[in-house]
Colleague: 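Supplied in structure tokens, the structure appears directly below.
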Protein chains: 2
Amino acid sequence: MVSYHPDLDLIPVEDVLAALGNPVRLFIVRELAASTQPRTCGSLPVSVTKATATHHWRVLRESGVTRERREGRTKVVELRRAELDERFPGLLATILAASPPRASDGPPA
Amino acid sequence: MVSYHPDLDLIPVEDVLAALGNPVRLFIVRELAASTQPRTCGSLPVSVTKATATHHWRVLRESGVTRERREGRTKVVELRRAELDERFPGLLATILAASPPRASDGPPA
DNA sequence: TCGATCGTACGCAATTCTTCGTACAATCAA
DNA sequence: TTGATTGTACGAAGAATTGCGTACGATCGA
């Protein structure tokens with residue numbers, strides 16, 4: 001359960017964008033951002049199985065978006081807010097501020 | 001050569017992030033942002049073949065990032081800057097402002 | 001009209017991503 | 001110690017992405 005956390009200076013912005021460009025992961029990030037406290041992985045109501053969630057947490061961690069640490073049986077996840085904001089000023093805030101789409105989505109058939 | 005341009009109000013932010021989360025496409029967007037004038041597709045020095053470039057232009061167009069129009073033999077591409085900034089305030093600017101990674105990239109082997 | 005140019009469409013291969021089930025390790029509570 | 005909880009590792013399937021070559025349509029200039 002010990003994990004790799006990259007130096008954010010080495011992360012290109014497209015890696016962060018790709019990490020957040022997935023609905024499950026963006027949902028996780030929004031949940032984390034909405035909590036003042038760090039959250040355990042199990043407390044995040046994701047729509048996928050545990051195995052799949054593990055995959056998404058790894059993507060977020062390896063792109064520098066989140067930090068994880070063990071705490072007893074659980075794993076605590078939190079956003080690397082300050083570091084992200086120093087590396088990519090304003091990015092997280094503008095993404096979190098984005099409103100949901102207006103209505104029926106997608107290109108015409 | 002006539003193409004579909006989505007209503008940006010219907011685009012979720014993760015679609016834009018996914019579109020920009022690719023090095024070829026982010027490069028294209030940076031080139032477009034650096035020009036005051038719209039550019040033709042052929043004038044963008046991309047590292048892939050024409051066929052692949054066509055694919056990336058479509059992704060950018062269908063995610064609402066660019067607009068295309070025919071002009072004689074060529075296709076003119078431009079960013080939908082104002083619309084993007086209204087839909088996702090500050091997003092494009094913060095992404096374009098992101099500095100490149102400091103040096104040797106990637107996780108340890 | 002003929003040739004060159006610009007981009008698309010199609011089909012295909014290789015790779016990556018997303019998802020899951022199952023088995024397992026680590027930890028805690030009883 | 002035993003059983004429950006939390007999350008990982010591994011293997012696999014299916015889907016999506018990325019990339020290319022080739023053939024083609026549209027347009028322009030000579």
Side-chain angles (χ1 to χ4, degrees), chain A residues 1-5 11-12 14-29 31-32 37-63 65-78 105-107, chain B residues 1-5 11-12 14-29 31-32 35 37-63 65-78 105-107 109:
Chain A
M1 194 110 89
V2 108
S3 339
Y4 166 66
H5 290 93
I11 302 287
E14 56 264 38
D15 287 10
V16 174
L17 299 179
L20 300 182
N22 170 284
V24 174
R25 291 194 292 268
L26 188 56
F27 175 82
I28 291 176
V29 167
E31 287 283 316
L32 293 176
Q37 301 296 325
R39 303 280 298 268
T40 65
C41 288
S43 79
L44 298 169
V46 292
S47 56
V48 292
T49 65
K50 284 194 305 176
T52 302
T54 293
H55 159 70
H56 287 301
W57 291 322
R58 177 167 46 239
V59 174
L60 288 172
R61 175 171 46 76
E62 293 185 348
S63 65
V65 174
T66 58
R67 185 183 306 286
E68 301 171 359
R69 66 172 187 276
R70 173 126 206 177
E71 202 154 288
R73 244 178 313 188
T74 73
K75 193 171 68 171
V76 174
V77 208
E78 59 188 322
D105 203 338
Chain B
M1 194 106 87
V2 110
S3 339
Y4 165 67
H5 291 92
I11 302 286
E14 56 264 38
D15 287 10
V16 174
L17 300 178
L20 301 182
N22 171 282
V24 175
R25 290 193 293 265
L26 188 56
F27 174 82
I28 291 176
V29 168
E31 287 283 316
L32 293 176
S35 323
Q37 299 297 326
R39 303 280 297 270
T40 65
C41 288
S43 78
L44 298 168
V46 292
S47 56
V48 293
T49 64
K50 283 194 305 175
T52 302
T54 293
H55 159 69
H56 287 300
W57 291 323
R58 177 167 46 238
V59 174
L60 287 173
R61 177 170 44 76
E62 292 184 348
S63 64
V65 174
T66 58
R67 185 183 307 286
E68 301 171 359
R69 66 172 187 276
R70 174 131 209 172
E71 200 153 289
R73 245 179 311 191
T74 74
K75 193 171 68 171
V76 174
V77 206
E78 58 188 323
D105 202 338

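Order of the sequence lines fixes the chain letters, A, B, ..., with proteins taken first and strands second; residue numbering starts at 1 for each chain.
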Colleague: Rounded to the nearest 0.5 Å, how far apart are OH of B:Tyr4 and CD of B:Glu62?
Modeller: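 So the OH of B:Tyr4 and the CD of B:Glu62 are separated by 7.5 Å.
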Colleague: Might you work through the side-chain contact (heavy atoms from CB on, under 4.5 Å) test for A:Glu14 and B:Asn22, ending with a clear yes or no?
Modeller: CA-CA 6 Å; A:Glu14 56 264 38; B:Asn22 171 282; over 6 Å; no
Colleague: Looking at the side chain of B:Val48, which of D:dG19, C:dT8, C:dC20 is the nearest nucleotide?
Modeller: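 Within the option list, the nearest is D:dG19.
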Colleague: Polar atoms only, N or O, under 3.5 Å: list the protein pairs with nucleotides 27-30 of chain D and their distances.
Modeller:
unit_1, atom_1, unit_2, atom_2, d
D:dC28, O4', B:Arg73, NE, 3.4

Colleague: Using whole Å, report how far CH2 of A:Trp57 lies from C1' of C:dT18.
Modeller: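 My rounded result for the distance is 15 Å.
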Colleague: When you measure from the side-chain N and O atoms of B:Thr52 to the phosphate of D:dC20, is any distance below 4.0 Å, counting only OP1 and OP2?
Modeller: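 Answer yes for this pair, as a side-chain N or O of B:Thr52 is under 4.0 Å from OP1 or OP2.
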Colleague: Between B:Arg58 (CZ) and D:dA16 (P), how many Å, whole number?
Modeller: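 The answer, rounded to whole Å, is 15 Å.
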Colleague: Report yes if the side chains of A:Val77 and A:Arg39 come closer than 4.5 Å at any heavy-atom pair, otherwise no.
Modeller: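 No. Closest side-chain heavy atoms not under 4.5 Å.
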Colleague: Under 4.0 Å, heavy atoms only, any strand: does A:His55 hit a base, just the sugar-phosphate, or nothing?
Modeller: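 Result for A:His55 = base.
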Colleague: Let me know the distance between NE2 of A:His56 and C1' of D:dA9, rounded to the nearest Å.
Modeller: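 Computing the A:His56:NE2 to D:dA9:C1' distance gives 17 Å.
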Colleague: Are any of the side-chain heavy atoms of B:His5 and B:Arg61 separated by less than 4.5 Å?
Modeller: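 When only atoms from C-beta onward are counted, B:Arg61 and B:His5 do touch, with a gap below 4.5 Å.
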Colleague: Just to confirm, is there a sub-4.0 Å distance from OP1 or OP2 of C:dC17 to any side-chain nitrogen or oxygen of A:Asn22?
Modeller: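 A:Asn22 to C:dC17 OP1/OP2: no side-chain N or O under 4.0 Å.
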Colleague: To the nearest Å, how far apart are B:Glu68 CD and C:dC6 P?
Modeller: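 It works out to 16 Å between those atoms.
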Colleague: Roughly how far apart are B:Glu78 CD and B:Leu32 CG, rounded to 0.5 Å?
Modeller: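 Nearest 0.5 Å value for the CD-CG distance: 9.0 Å.
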Colleague: OP1 or OP2 of C:dG7 versus the side-chain N and O atoms of B:Thr54: is any pair under 4.0 Å?
Modeller: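 No, outside the criterion.
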Colleague: Does the C:dG7 base have a donor-acceptor partner in the side chain of B:Lys50 within less than 3.5 Å?
Modeller: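 Indeed, a donor on one side and an acceptor on the other fall under 3.5 Å apart.
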Colleague: Contact between A:Ser43 and A:Thr40 at the side-chain level, heavy atoms closer than 4.5 Å - yes or no?
Modeller: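 With C-beta onward as the side chain, the pair touches.
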Colleague: From CZ of B:Phe27 over to P of D:dG19, roughly how many Å is that when rounded to an integer?
Modeller: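 That distance rounds to 13 Å.
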Colleague: Atom CG of A:Leu26 and atom P of C:dT18: how far apart are they, to the nearest Å?
Modeller: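 Rounded to whole Å, this separation is 13 Å.
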Colleague: Of the nucleotides D:dT8, C:dT8, D:dT6, which has the atom closest to the A:Thr74 side chain?
Modeller: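 Of the candidates, D:dT6 comes closest.
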Colleague: The side chain of B:Thr49 lies closest to which of these nucleotides: D:dG21, D:dT18, C:dT8?
Modeller: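 Nearest to the side-chain atoms of B:Thr49, counting from C-beta on, is D:dG21.
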Colleague: Figure out the CZ/C1' separation between B:Arg69 and C:dG7, and round it to whole Å.
Modeller: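 So the two atoms are 16 Å apart, to the nearest Å.
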Colleague: Using a 4.5 Å cut-off on heavy atoms from C-beta on, say whether the side chain of B:Phe27 contacts that of B:Pro45.
Modeller: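 They are in contact (side-chain heavy atoms under 4.5 Å apart), so the answer is yes.
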Colleague: Minimum heavy-atom separation for A:Gly21 and B:Leu17, please, with both atom names.
Modeller: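 Smallest heavy-atom distance, with atoms named: CA-CB, 3.8 Å.
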Colleague: Axis-to-axis angle across the helix from C:dT1-D:dA30 to C:dA30-D:dT1, five pairs an end, to 10 degrees?
Modeller: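 Its terminal axes enclose an angle near 30°.
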Colleague: Let me know which of A:Thr66, A:Ile28, A:Thr52 forms a side chain to side chain contact (heavy atoms under 4.5 Å, CB included) with A:Trp57.
Modeller: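 Only one option passes, and that is A:Ile28.
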Colleague: Starting at atom CD of B:Glu62, determine the distance to atom P of D:dT18, rounded to an integer number of angstrom.
Modeller: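 Going from CD in B:Glu62 over to P in D:dT18 covers 13 Å.
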Colleague: Do you know the tightest heavy-atom contact between A:Arg25 and A:Ala19?
Modeller: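 Between these two residues, the closest heavy atoms are NE-O, 2.7 Å.
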